[in-house]
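Reading through the structure tokens given below for one structure.
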Amino acid sequence: MPPPPRGVSPPNHLVWAILATLFCCLPGGIVAIVYAAQVDTKFNAGDLAGAQAASDNAKQWSWISFGVGLLVIVGWVGLSILAAMAEHA
């Protein structure tokens with residue numbers, strides 16, 4: 001059994017991953033949740049580099065999901081406005 005890890009665990013970004021899954025982009029959010037779930041496990045196993053990499057990946061996928069979700073919402077609103085303008089013309 002490896003010795004207990006020293007230092008502070010990297011943030012797991014689980015809350016952001018869940019929010020991204022629920023409100024933005026389901027596939028990217030699920031990937032973020034998987035990486036977020038790996039952070040504490042790897043840290044407790046003594047794999048500090050792996051825990052930091054999983055934390056970075058969870059953060060990256062959360063932001064990707066937020067970005068994709070934002071683009072979809074902005075595109076949908078833009079197309080709805082254009083459709084409404086075309087109906088009234």
Side-chain angles (χ1 to χ4, degrees):
M1 186 163 170
R6 295 184 183 190
V8 178
S9 173
N12 60 18
H13 304 288
L14 184 60
V15 172
W16 294 112
I18 291 170
L19 291 174
T21 303
L22 292 176
F23 298 115
C24 297
C25 180
L26 183 67
I30 291 173
V31 173
I33 288 174
V34 169
Y35 280 120
Q38 293 176 357
V39 173
D40 294 332
T41 303
K42 289 184 178 191
F43 180 77
N44 291 332
D47 183 7
L48 301 178
Q52 185 61 53
S55 175
D56 293 341
N57 285 331
K59 182 178 178 181
Q60 179 182 9
W61 278 101
S62 294
W63 278 109
I64 289 170
S65 297
F66 281 124
V68 168
L70 184 63
L71 285 174
V72 168
I73 290 169
V74 168
W76 181 77
V77 169
L79 288 174
S80 297
I81 290 171
L82 287 175
M85 290 172 57
E87 277 186 18
H88 289 101

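Just so it is clear, the structure is predicted and the values come from calculations on it, not from any experiment.
Between atom CG of residue Leu71 and atom CZ of residue Phe66 there is a gap of 13.5 Å, rounded to the nearest 0.5 Å. In this structure, CD in Gln52 is found 10.0 Å from CG in Asn57, a value given to the nearest 0.5 Å. Atom CD1 of residue Ile33 and atom CG of residue Leu19 lie 9.5 Å apart, to the nearest 0.5 angstrom. Here Ile18 contributes atom CD1 and Phe23 contributes atom CZ; the two are 11.0 Å apart, rounded to the nearest 0.5 Å. To the nearest 0.5 angstrom, Leu70 atom CG is 12.0 Å from Cys25 atom SG.
Hydrophobic clustering of Ile, Leu, Val, Met, Phe, Trp and Tyr side chains at less than 4.5 Å, counting indirect connections, unites Ile81 with Trp76. Note on Leu14 and Trp16: same hydrophobic cluster, where clusters join Ile, Leu, Val, Met, Phe, Trp and Tyr whose side-chain heavy atoms are under 4.5 Å apart, directly or indirectly. At a threshold of 4.5 Å between side-chain heavy atoms, the hydrophobic network of Ile, Leu, Val, Met, Phe, Trp and Tyr places Leu22 and Val68 in two separate groups.
Among all heavy-atom pairs drawn from Ser65 and Gly29, the shortest one is OG-N, 3.0 Å. For His13 against Ala36, the heavy-atom pair with the smallest separation is C-CB, 4.3 Å. Residue Pro10 comes nearest to Phe43 through the heavy atom pair CD-CD1, 4.0 Å, listed as atom of the first residue, atom of the second, then distance. Summarising the geometry of Ala32 relative to Ser62, their closest heavy-atom pair is CB-OG, 3.6 Å, with the distance given to 0.1 Å.
Contact check for Val39 versus Tyr35: no side-chain heavy atoms found under the 4.5 Å cut-off.
In this structure, Ser55 contributes its side chain and Ala51 its backbone to no donor-acceptor pair below 3.5 Å.
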